[in-house]
Amino acid sequence: MNGSAGESLSLDAVHYDPIDHLNLLFAHPSTVSSISRVSTNLNKQNNALSTQITELETAQAYGPDSSLERMQSAQAELAGLFRKIETVRSRAIQTEQNITSMTADIKRLDGTKRNLTLSMTALKRLQMLTTAYEQLRGLAKTRQYRECASLLQAVLQLMRHFNSYRSIDQIATLSRGVGDLQRELLEQICEDFELAFAKGEVAARRNVLVEACGVMDALGDAARQRLVAWYVNTELREYRKVFRGNDEAGSLDNIGRRYAWFRRMIKTYEEEHYGIFPPHWKVGEVLATAFCDGTRDDFKGILERSMRRTDGVKIDVNLLLSCLQETMDFEQGLERKFADRPRASIDTINSVTSSDERTQGFNGSVSVAFEPYLSLWVDSQDKTLASMIPRYKAQPLLPEDEEFSPQAVISSAIELFHFYKVTLSQCAKLSTSERLLDLTRTFAKYLDEYAQQVLLGVLQRNAPSGTSVQDVIMVLNTADFWHTNSEQLEDSIKKRIDPEFASKVDLSSQADSFLGVASAAVGDLVNKVEQECEVAWREMKNTNWSKMESVGDQSSYVGEVVRQVNTKTEEILAVVVKPQYARAFADNLVEHLSTTYISNIVQCRPVSEVGAEQMLLDKYVLTKAFENLLSYHNPSSEAHVPPAGFVKRVNAAMTRIDPLLKTLQVRPSPPEGLVQAYLIHIGDRSDTNFKKILELKGVRKQDHGHLLELFTIHRDSASNDKLLQQSPLLTPLLSSNGLGSTGLGISVGNTGLGIGGSGAGAAQRFDPTSLGEKLLNAARDGVERIGTPSAQQGGGSGGPGGSSGAGGNGAAGGGAINDNLKNFGKFFRRDIGGLGVRFGGRGVSMRRSVEDEQWI
């Protein structure tokens, strides 16, 4: 510990490590023998340190400057400080007591001064009150009302200061005297008014009456209410006597006499009595309000008695509407007369209160009596609309003096719009509750009737040449017009009707119905193009596709198909204004033409491998031609660039034919090649569909068994576990006899929905008389399959967008057609929405339309 190692490692070091120190002391095994000596030295050092520490502690505790002494000294000083603080507090209390005793006399003096001032003020006011009271009594006796008004206000104001002194007999006596004087003034002024009006001396005593009204203002609201109520009852006494006590004069037939009487009465008031009453009394409004309240009660009684009559005579609707219109005109006249002024309310039997002022106008103040009977008016509108629909069906789409325009709307649609607009405006003025909701249901009913019987009826006309393109375009424009206005009509009604009924207003199904008609019109246009192609398709079916030896240029029928499609499409798209309908027409046309192409392939069986290759080439030529169909809509000098979405649509529609043709290109020998080609291109597990391919290729019946057995083996192998159960392309095709497609295809894809026929055997001409039934069946099938894999299957066609078809004859029931029109509308709205076009806006101005008008 005392050697060089001990000096290098001090025990006082900050980072002292005893291990390092021990390793240094015992660095070699030979040093182990010195352990006892080192231990002894450590113990000695420890004992020495302990002794030193003890000595230092003792010196610190008992030395002359020890901490204990310092603590005792601090405690003594703190005790002295507390004694000084207590002494100061005691002196402060004593000082406060001395000051209070010194100022007590001053406080008493201030109180005495204040009481003396109040006493002098009260005495002065009492003197003023007594003097004013005596003067007021003298002025009241001499009817000097101008001075009475100002003096009365002063007396009443002074009297309020003595309300707390009524326990004093003199004050109580004076208070009773003031009250008696107020009542005397009130009775005296009322007597003056009664005598002046009874003797016809209003003009002669006008100044006195005007000054008396100032006194009435000073007397307060109750006095003013009494005088105004008396005046109103006096002015309306004759009216009540004439029209309430006389059944003939008070009947609805003489409603005009009531309003004429009031106009004469209000004219008299304005010419003779207006200047008597202060303007802020609003006596004119009070008169009008009282007249309206009494007249409304009269009408309620008359209408109730008419409804309770047992002789079978009910209220005449025309008379009711005439009275209602005259009443509304009267209310509007009052509204204009008292515009921008709060309406005063009066209870002519009890009193009128100035605080009971209502901000609403006079509209409805009398006509509300008719509201419970407006159902008769709604029924009359129903009958009127019922008579309009047959007339709309019979009349021409355009007046004789007008020429067709691509923007034209059927004239009956404009007439119906104006009728709805006027009727809605009338009803909104009469009622914004259940009657307006009833009228909304009537509107909805006849919108459905118009869509079904008028618009759809045009498409169903059994003309020799079918419906003309111009007529179909007008139906399309009109359906779009009413689709837009149905939505706007719903919004307008919701803004007017009471909030609790707003949720019940719904015309969305009617808007969908018109959209369904628009889709039917698009389908009709598609069929017109298909009809032009019948000859060309017949040429295709007459070609011997089984004996074709080589593939050349496009087939001759292809050029004819392209020519007919382009010619008719150019004619149609030249008169289709809105881009969304042009796109829907083109989409559906491509879908139907691709479906027709598949149908004709079936009719051309047997098809050899070379024939299938030639058909594939023809399909390519048709695809490229169809991509330019939209160039005929709003053509310009610039080169037309087909929309990318439409090109994709065309390719998707036409490419779905490829699996069938590629499978037909494979020779039946070796059989494994045909089976593998079917599993690769068609890709389903259906034995029936495989037989259809064999029939299309013309494979002999005796070879079917071996090929089917081979097909079953390959189909059930583990590598083909992802095959479809039914091919959406082949499943709609009938097997053996009648192999082909049915007559109606409904395309429900990303951008359009249309209805049209496709060839089955010999191409059939579109029959408009069966459109209703086709709409019904197609909508029912389409709703169930939309959005599912089976949506690509159907009697008519199948495609990438999904399509379904159904055919039928006859006419569907009205309700069923309406429901399915709504379903078509929902499809069409969604499909049009895929084009990025907001369907339903006023994007196109239409001649003879009401684009500048709105639902008011």
Mind checking the OG1-CG spacing from Thr51 to Leu56? Nearest 0.5 Å is all I need. 11.0 Å
Please step through side chain to side chain contact (heavy atoms under 4.5 Å, CB included) for the pair Leu439 and Arg435, ending with a clear verdict. CA-CA 6 Å; Leu439 183 65; Arg435 299 291 82 79; over 6 Å; no
Please check: side-chain N/O of Ser39 versus main-chain N/O of Ile35, any donor-acceptor pairing under 3.5 Å? no
Asp506 side-chain N/O to Ser508 backbone N/O, donor-acceptor pair under 3.5 Å: yes
Worked check of side chain to side chain contact (heavy atoms under 4.5 Å, CB included) between Tyr145 and Asp192: CA-CA 11 Å; Tyr145 292 132; Asp192 290 343; 2.4 Å; yes
Quick one: does Leu424's side chain get under 4.5 Å of Leu436's, heavy atoms only? yes
Partner of Phe362 under side-chain contact (heavy atoms from CB on, under 4.5 Å), chosen from Arg336, Lys337, Glu335: Glu335
Heavy-atom nearest pair, Ser365 first then Arg296, reads O-NH1, 2.8 Å
Where do Ala149 and Ala218 come nearest, in terms of heavy atoms and distance? O-CB, 3.9 Å
Tell me whether Ser101 contacts the main-chain N or O of Asn98 through its side chain, where contact means a donor paired with an acceptor under 3.5 Å. yes
First locate atom CG of Leu181, then atom SG of Cys148, and finally report the distance between them rounded to the nearest 0.5 Å. 8.0 Å
Measure the CD-CD distance between Gln135 and Glu147 for me, rounded to the nearest 0.5 Å. 10.5 Å
Could you check whether any side-chain N or O of Glu331 sits under 3.5 Å from a backbone N or O of Val366, counting only pairs where one atom can act as donor and the other as acceptor? yes
Would you mind checking if Asp491 and Lys494 are paired as a salt bridge, meaning a charged N to carboxylate O distance below 4.0 Å? no
Salt-bridge criterion met for Glu86 and Arg83 (N-O under 4.0 Å): no
Is there a side-chain contact between His280 and Asp217, using heavy atoms and a 4.5 Å cut-off? yes
Option among Tyr274, Phe277, Trp281 that satisfies the ring pair (Phe, Tyr, Trp, His ring centres under 6.0 Å) test with Tyr231: Phe277
Rounded to the nearest 0.5 Å, the CG atom of Leu437 sits from the OG1 atom of Thr432 at a distance of 11.5 Å
Any idea which heavy atoms bring Glu490 and Val505 closest together, and the distance? OE2-O, 3.8 Å
Taking Glu285 for its side chain and Phe338 for its backbone only, find out whether a donor-acceptor pair lies under 3.5 Å. no
For the side chain of Ser33 and the backbone of Ser30, is there at least one donor-acceptor N/O pair under 3.5 Å apart? yes
Take Arg224 and Leu219 through the test side chain to side chain contact (heavy atoms under 4.5 Å, CB included) and record every step on the way to the result. CA-CA 8 Å; Arg224 182 172 64 249; Leu219 289 174; over 6 Å; no
Can you find a pair of side-chain heavy atoms, one from Lys84 and one from Thr87, that are under 4.5 Å apart? no
In Arg206, Gln144, Arg143, Arg146, the residue satisfying side-chain hydrogen bond (donor to acceptor under 3.5 Å, both in side chains) with Glu211 is Arg146
Quick check: do Lys44 and Asn47 have side-chain heavy atoms less than 4.5 Å from each other? no
For Phe193, which residues count as a ring-ring contact (aromatic ring centres under 6.0 Å, His included) partner, sequence neighbours excluded? none
Provide the closest heavy-atom pair for Val283 versus Tyr269 in the form atom of the first, atom of the second, distance. CB-OH, 3.6 Å
Hey, what do you get for CG (Leu515) to CD (Glu487), rounding to the nearest 0.5 Å? 8.5 Å
Donor-acceptor pair, side chain of Ser50 and main chain of Asn46, under 3.5 angstrom: yes
What I want to find out is whether Glu187 reaches Arg183 closely enough, with some N-O distance under 4.0 Å, to be called a salt bridge. no
So that I can tick it off, tell me whether Asp110 and Lys107 are bridged by a salt bridge, with the cut-off set at under 4.0 angstrom between side-chain N and carboxylate O. no
Counting only N and O atoms by type, is there a donor-acceptor contact under 3.5 Å from the side chain of Thr100 to the main-chain atoms of Glu96? yes
Interatomic distance, Leu185 atom CG to Lys141 atom NZ [nearest 0.5 angstrom]: 12.0 Å
Show your reasoning for whether side chain to side chain contact (heavy atoms under 4.5 Å, CB included) applies to Leu109 and Lys113. CA-CA 6 Å; Leu109 183 59; Lys113 181 180 178 181; 5.8 Å; no
What heavy-atom pair brings Ala369 and Lys300 nearest, and what distance separates the two atoms? CB-CG, 3.7 Å
Between Leu287 and Glu235 the two heavy atoms that sit nearest each other are CD2-CB, 4.0 Å
Side chain proximity check, Ile276 to Cys213, heavy atoms < 4.5 angstrom: yes
